[in-house]
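Accompanying notes for the structure given below.
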Amino acid sequence: MTVHVRTLDELLHAPLEADSDLTTQEYLVNMGPQHPIAHGSLRVVVRLDGETVKEVIPVPGYVHRGVEKMCEHLNYRQVIPYTDRLDYLSAIMNNWAVAKTVETAAGIETNDRIEVIRTIMAELQRLQSHALWWGVTGMDLGAYTAFLYGFREREIIGEIFEETIGARLTMNYIQPGGLMYDIKPDFAAKVKKLLPYLKDCVEQYETLLSGNVIFQERLRNVGIVDGARAVALGCTGPVVRASGVPLDLRATEPYGAYGKVQFNVVVGTVGDCWDRYYVRLEEMRESIRIIEQLIDGIPDGPYSTIRYNVELTLPEGIHYGQVETARGAFGVLIVSDGKREIPYRLHFRSPNFNNLWVVTAMAPGWRIADFISIQSSLDLVIPDIDR
Amino acid sequence: MIHAIKVAQEERLFAGKSVSVAVITRGRPPGYLRVAFSAVTGLLRGLWLTLGYLWSPEAIVTRQYPENRATLQLTERFRGNLRFKFPNEKAQEDHAAFIEQLAHETQTHAHVAADLVREENETRWYHNCTGCGKCQEACPNASIKVFTRQGEILEDREVDRFVWRLDSCMFCNACVQACPWDAIEMTGGFENAVYDRRLLVYNLNRLAGPRINYIEEEENPDVRKRMVERRDRYGGEVPLNGFALPNLPPVTTPMESGSRAIDADAQARLT
Ligand code: SF4
Ligand code: SF4
């Protein structure tokens, strides 16, 4: 299946037409780069006929920092803090992607303890990220209360991160060959105490938003995209799963401790905004399940298998590794010349970039207000798109 | 729930693997009456939940900063401002007590006061740094510049000025991890607002000189004194020259005159 996405240039030079009954004219409107629902600087040009969206063209690039180019001057440990600044809500998972790629390429072994702690941390962050997304979606659709509830859970999980890692957002925690710090002795007990509370929170989310008639009506059957089209556009994560494709790297190519735990890949049936909403809620329950299975038996061992100052040089060639972040597959492609300890070229395959383009398939035909629901249901993090 | 949701578990073949999936399905749309009824109950249940905070305010997790500034405790691993580690616990305690008093007197925050201190017990500033520069190498965005000098007494390389650029630091902790001598640490300091951004580039060491163990090996107190030399926060050349990349030559712009002005500024704030 091929997908054609018009460029902004093509859109601007195409003749505008009006096919409504009244003598109206089509017009182009910029949504963004400063628009409250974009949660960052994302510009979207929409072709409108009255309130109806005819065409959408995203114009990213307002937060472009050239991270990949910068990484060509940095060694592999120094690349990791930069990945915190891509999809900042999945910082630990982004760190993991680089660490995993470097470990595989350089043949660095890790131990069970490291992998289990990584998995627990990643799942905690997935929970945190989905909680924030839930709140923000509520806010986008006019329910400000939800925003505060989402942030409540984010704060509570953030405190656990702060104790173990020392940071709340820019983690730089997972390093090639291990972790930056070992967990504290009371980490497991604290997380265990938190799990029933989080379960309760997901129920509260259901009560606050899922059961709300206005909210349901704004999401249900809006912005439908079928599985084949979502795959053709390169979507991953909850977006493609909501369309019924069980693509989840945690299950299809297990890494870390995911091979040892039981969990379901949550998929939808319709592929509308409501499915994308509910897939994430169910994923929160699955994440809690994964942590529950791991938290009791964290194996013993060192928290890092190599010393910090060891020189990491990858063999000559192209190395690729990917993990499932809260928004989809995050991949790292490293081209190494085999001589220096910095990459020759580096590329991040970021989930949000591909997830963004699905709006071009979803939005046409819907009203502006529905476009808000659609963009919100994609859970975009703009710095990850622009890099 | 207006529209019934069912989550059913099943096994599906995907990408040549059997994946256990949870499928979300919905039932038939309910009739008009039922929608009307559950719309009202759904809204009321949401309202009831939020009302709960009225009689259990202890569930609120928000921390009131800056009202709680006096009692604010950050975690031990919190990655805030970088500083030289104190050589021993006693020095750290002495220093903390002194700073508290100073902060009280000058009405500044303890972290600001800590860096403005000059006239006090010298041995408190003995350090573990050898000037090896490993931290500078590890820093991803060139926020550290270690100036070394040839020591007079020991005739070995030792740290002269350790310049840290708070303005470009991203608090990644790489320098602390890379230091083989455990000489630096990240603290809970985070209140860094200033009116002149040049104030954000400063020396971390108060003494230029060798590691503490070399000083302590020396028995003659006069020689000990001569081994170290005072360094203040804003003295000397400041490398405001951006990133030195492996393939690019660094740009050098000495900021001598600028740093004098800053020095006076800092003095003025203290008095
Ligand atoms: S914390 Fe990171 S950015 Fe800051 S000085 Fe240390 S290594 Fe450099
Ligand atoms: S702080 Fe540590 S790594 Fe940096 S120069 Fe001093 S001893 Fe070397």
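Labels below follow one simple rule: chain letters A, B, ... track the order of the sequence lines, proteins then strands, and each chain is numbered from 1. Given the structure is predicted, the values throughout are model-derived calculations rather than measurements.
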Practice task
Inspect the contact between A:R289 and A:E282 and indicate whether a charged nitrogen and a carboxylate oxygen are less than 4.0 angstrom apart.
Solution key: no
Handout entry: Contacting moiety of A:M180, where chain B heavy atoms sit under 4.5 Å
Key = both
Practice task
Please state whether the side chain, the backbone, both or neither of A:V279 comes within less than 4.5 Å of a heavy atom of chain B.
Solution key: both
Problem - Part of A:N309 within contact of chain B (heavy atom distance under 4.5 Å) - result: side chain
Completion exercise
The interface call for A:R85 against chain B, heavy-atom contacts under 4.5 Å, is side chain
Handout entry: A:R168, part contacting chain B, at a heavy-atom distance under 4.5 Å
Key = side chain
Practice task
Mind ranking A:V79, A:D248, A:N172 by heavy-atom pairs under 4.5 Å with chain B and telling me who comes out on top?
Solution key: A:N172
Problem - Among A:E155, A:E159, A:K184, residue most engaged with chain B (heavy-atom pairs, under 4.5 Å) - result: A:K184
Handout entry: Side-chain H-bond candidate by donor/acceptor type, B:T187 with B:N81, under 3.5 Å
Key = no
Handout entry: Side chain, backbone, both or neither of B:R12 within contact of chain A (heavy atoms, under 4.5 Å)
Key = side chain
Practice task
Begin with the C-alpha distance, continue with both residues' side-chain angles, and end with the deciding distance and a verdict on side chain to side chain contact (heavy atoms under 4.5 Å, CB included) for A:F215 and A:S210.
Solution key: CA-CA 7 Å; A:F215 188 74; A:S210 310; 5.8 Å; no
Problem - Geometric class of the A:Y258/A:Y255 ring pair [parallel <30°, tilted 30-60°, perpendicular >60°] - result: perpendicular
Practice task
Give, as side chain, backbone, both or neither, the part of A:I165 having an atom under 4.5 angstrom from any heavy atom of chain B.
Solution key: both
Fill in the blank from the handout: Assert top hit (heavy-atom pairs under 4.5 Å, partner chain B, pool A:L208, A:N75, A:T170, A:L209) equals A:L208
Practice task
Check each atom of A:T145 against the heavy atoms of chain B and say whether the ones under 4.5 Å are side chain, backbone, both or neither.
Solution key: side chain
Completion exercise
Most heavy-atom pairs under 4.5 Å with chain A, out of B:V23, B:V19, B:V40, belong to B:V23
Practice task
Taking only Lys NZ, Arg NE, NH1 and NH2, and the carboxylate oxygens of Asp or Glu, determine whether B:R149 and B:D156 approach each other closer than 4.0 Å.
Solution key: no
Completion exercise
Applying a strict 4.5 Å limit to non-hydrogen atoms, the region of A:Y149 in contact with chain B is side chain
Practice task
Look at A:E163 together with B:R77 and state whether they make a salt bridge at an N to O cut-off of under 4.0 Å.
Solution key: no
Problem - chain B contact via A:Q204 - which portion, at a heavy-atom distance below 4.5 Å - result: both
Exercise for the section: Determine whether B:F147 and B:K145 make a side-chain contact, defined as any pair of heavy atoms from C-beta on separated by less than 4.5 Å. Expected result: yes
Practice task
Among B:K17, B:Q177, B:K134, single out the residue with the greatest number of heavy-atom pairs under 4.5 Å to chain A.
Solution key: B:Q177
Problem - A:Y344 atom OH: more than 12 heavy-atom contacts under 6.0 Å - result: no
Problem - A:Q78 to B:E137 - nearest heavy-atom pair and separation - result: NE2-O, 2.9 Å
Practice task
Assign the ring pair B:W164 / B:F171 to parallel, tilted or perpendicular, where the plane angle (0 to 90°) is split at 30° and 60°.
Solution key: perpendicular
Practice task
Check whether A:I80 gets within reach of chain B through its side chain, its backbone, both or neither, counting any heavy atom under 4.5 Å.
Solution key: neither
Exercise for the section: Heavy-atom pairs under 4.5 Å with chain B are the metric here; pick the option from A:G268, A:G166, A:A251 that has the most. Expected result: A:G166
Completion exercise
Interface check, chain B: of A:R307, A:E253, A:M171, A:R77, most non-hydrogen pairs under 4.5 Å belong to A:M171
Handout entry: Pair A:E286 + A:R250, salt bridge at N-O below 4.0 Å
Key = no
